[in-house]
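The block underneath contains the structure these notes are about, expressed in structure tokens.
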Amino acid sequence: MPRPDATAAAQSESTAAQPDMNSVVGSDDILMVTLDTLRYDVACELAAAGRIQNLAPHLPSGRWEERHAPGSFTYASHQAMFAGFLPTPVGQGPHPRLFAAEFGGSESTANGTFVFAESNLPAGLAAAGYRTVCIGGVGFFNRRGALGSVLPDLFEEAHWSPELGVTSPTSFEAQVDLAERVVAELPTERRLFLFVNVSALHQPNWFHAEGATADHGDTRETHAAALEYVDRHIGRLFAAMSSRRRCFAIVCSDHGTTYGEDGYTGHRLGHPAVWTVPYAHFFLEGPR
């Protein structure tokens with residue numbers, strides 16, 4: 001059964017820095033955005049240079065938090081995150097988690113952790129009364145076969161099309177358009193958990209750099225241009241998700257990627273550029 005709306009006093013105790021997810025769940029809408037393959041160093045450079053003007057105001061002091069990815073590629077990382085294992089803060093833990101499946105002996109389950117009996121977060125939030133929706137991006141969300149169905153099948157509603165995928169130069173615009181429709185069509189009283197896997201940063205990303213061609217290939221610079229592209233449109237996503245009530249947002253990378261460092265290109269390998277990711281969570285205030 002859905003939990004009742006939290007009172008204003010309960011909400012005031014749930015700060016962005018240390019949210020009490022037991023007051024968030026059942027009261028706020030929840031948005032999770034994975035910027036697939038986004039590197040921590042590139043994300044930080046763009047924030048410092050003022051090149052992500054829609055994202056930066058939501059980052060604590062305008063900076064990304066450095067964290068360690070739970071996996072070195074999309075499938076492994078999302079399986080972990082959907083079990084409550086979001087990217088881990090740097091430094092020795094245990095670090096209290098926002099969400100956790102019931103698991104005996106868990107040292108990272110704290111008083112403010114939302115604990116669910118189900119095996120995954122979408123199912124846990126569905127049991128708490130949320131409509132759970134996935135807007136897929138990379139191939140592990142395309143439902144073209146059994147493997148591509150595992151992650152989207154965790155949700156009550158899941159979307160994917162080539163227009164949302166890695167080969168589309170306008171993938172994120174299409175994802176935001178779809179998100180706006182999802183929000184508009186949902187009854188106001190129904191809480192929403194929306195997950196968006198952003199494919200724009202994943203290879204190929206050369207087409208996000210002005211004047212680039214396929215012959216130039218993907219580079220660290222085109223990776224940065226892809227993040228700028230996402231930033232130009234993410235304000236619409238935030239506006240849609242906070243149009244009905246306050247929204248708790250998680251924006252992070254699932255893993256990084258390499259562009260020739262130490263002889264490596266790509267991910268699913270043990271390199272600091274892959275394991276180190278940017279992370280942020282924050283509240284998007286709803287209508288007054």
Side-chain angles (χ1 to χ4, degrees), residues 31-44 64-101 103 106-109 113 116 118-125 132 134-155 158 160 165-166 193 195-203 205 218 223 226-227 230 250-259 261-262 264-281:
L31 170 68
M32 180 185 292
V33 178
T34 53
L35 302 169
D36 207 292
T37 78
L38 176 60
R39 291 169 56 125
Y40 174 73
D41 55 357
V42 171
C44 290
W64 294 97
E65 181 183 352
E66 180 181 1
R67 292 202 174 194
H68 294 149
S72 64
F73 70 110
T74 299
Y75 184 79
S77 190
H78 282 82
Q79 282 282 24
M81 287 193 285
F82 289 150
F85 297 99
L86 297 173
T88 307
V90 297
Q92 182 58 49
H95 301 284
R97 287 187 287 143
L98 301 179
F99 309 101
F103 189 78
S106 171
E107 295 182 349
S108 54
T109 301
T113 302
F116 48 91
E118 295 72 19
S119 65
N120 62 82
L121 177 61
L125 291 174
T132 65
C134 167
I135 298 179
V138 305
F140 287 113
F141 296 91
N142 67 13
R143 281 185 158 165
R144 291 180 170 176
L147 183 60
S149 301
V150 172
L151 297 174
D153 281 354
L154 300 177
F155 293 80
W160 188 88
V166 297
F193 171 48
F195 167 75
V196 184
N197 173 253
V198 177
S199 63
L201 291 124
H202 196 283
Q203 293 93 335
N205 55 45
D218 301 322
H223 186 85
L227 180 57
V230 170
I250 300 165
V251 180
C252 65
S253 177
D254 54 342
H255 58 81
T257 197
T258 53
Y259 290 99
E261 291 86 359
D262 299 312
Y264 292 109
T265 298
H267 40 273
R268 200 164 61 84
L269 50 91
H271 191 278
V274 175
W275 287 110
T276 310
V277 295
Y279 173 93
H281 64 238

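Fair warning: this is a prediction, and the values are worked out from it, not measured in the lab. We're numbering straight along the sequence, starting at 1.
- Here the side chain of R67 pairs a donor or acceptor atom with the backbone of P87 at under 3.5 angstrom.
- Although no hydrogens or angles enter the test, the distance criterion places a donor-acceptor pair under 3.5 Å between the side chain of E261 and the main chain of Y259.
- One distance of note links CD of Q79 with CE of M81; it measures 10.5 Å at 0.5 Å rounding.
- Closest non-hydrogen pair, A226 versus A200, comes out as CB-O, 3.6 Å.
- In this structure, H202 contributes its side chain and V198 its backbone to no donor-acceptor pair below 3.5 Å.
- Remark: M32 CE to L98 CG distance equals 8.5 Å, nearest 0.5 Å.
- Side chains of Q203 and T257: a donor on one and an acceptor on the other come within 3.5 Å.
- The closest side-chain heavy-atom distance from L269 to V274 is below 4.5 Å.
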Query raised in the report: T37 and H255: side-chain contact (heavy atoms from CB on, under 4.5 Å), yes or no, with the steps?
Result: CA-CA 5 Å; T37 78; H255 58 81; 3.3 Å; yes
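- Checking T74 against D36 by side-chain atom types alone, a donor-acceptor pair falls below 3.5 Å.
- Rounding to the nearest 0.5 Å places CG of L227 at 12.5 Å from CZ of R39.
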Sequence neighbours left out, cut at 3.5 Å: what donor-acceptor pairs do the side chains of residues 134-153 make with other protein atoms?
| unit_1 | atom_1 | unit_2 | atom_2 | d |
| --- | --- | --- | --- | --- |
| N142 | OD1 | R144 | N | 2.9 |
| N142 | ND2 | G139 | O | 3.2 |
| R143 | NE | D153 | OD1 | 3.3 |
| R143 | NH2 | D153 | OD1 | 2.7 |
| S149 | OG | G145 | O | 2.8 |

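- Contact of the T109 side chain with the F99 side chain is not registered, since no non-hydrogen atoms from C-beta on lie closer than 4.5 Å.
- The closest donor-acceptor contact from the side chain of W64 to the backbone of A43 lies under 3.5 Å.
- Separation of atoms CG (L38) and CG (L201) is listed at 5.5 Å; rounding is to 0.5 Å.
- Checking N197 against T34 by side-chain atom types alone, a donor-acceptor pair falls below 3.5 Å.
- In this structure, E118 has no salt bridge (Lys or Arg N to Asp or Glu O under 4.0 Å) partners at least two apart in sequence or on a different chain.
- Ring centroid separation for the pair Y40 and Y279 does not come in under the 6.0 Å cut-off.
- The aromatic ring centres of H78 and F85 sit 6.0 Å or more apart.
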Query - Working for side-chain contact (heavy atoms from CB on, under 4.5 Å), residues H271 and D262 - result: CA-CA 9 Å; H271 191 278; D262 299 312; 2.6 Å; yes
Requested in this report: Begin from the C-alpha positions of H281 and V251 and carry the test side-chain contact (heavy atoms from CB on, under 4.5 Å) through to its verdict.
Outcome: CA-CA 6 Å; H281 64 238; V251 180; over 6 Å; no
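- Remark: S72 OG to R268 CZ distance equals 7.5 Å, nearest 0.5 Å.
- Each salt bridge (Lys or Arg N to Asp or Glu O under 4.0 Å) pair with one or both residues in residues 76-101, not counting sequence neighbours, would appear here, but there are none.
- With hydrogens and angles disregarded, a donor-acceptor distance shorter than 3.5 Å links the side chain of T258 to the backbone of Y264.
- Residues P89 and E65 form a side-chain contact, since some pair of their non-hydrogen atoms from C-beta on lies under 4.5 Å apart.
- Here the CG atom belonging to L125 is positioned 11.0 Å from the CZ atom belonging to F82, to the nearest 0.5 angstrom.
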Report task. Quick one: do L35 and V230 satisfy side-chain contact (heavy atoms from CB on, under 4.5 Å)? Show the steps, please. Result -> CA-CA 9 Å; L35 302 169; V230 170; 4.0 Å; yes
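- The shortest heavy-atom contact between P122 and F155 is CG-CZ, 3.7 Å.
- P94 approaches P96 most closely through the heavy-atom pair O-CD, 3.9 Å.
- H223 and D218 share no side-chain donor-acceptor pair at under 3.5 Å.
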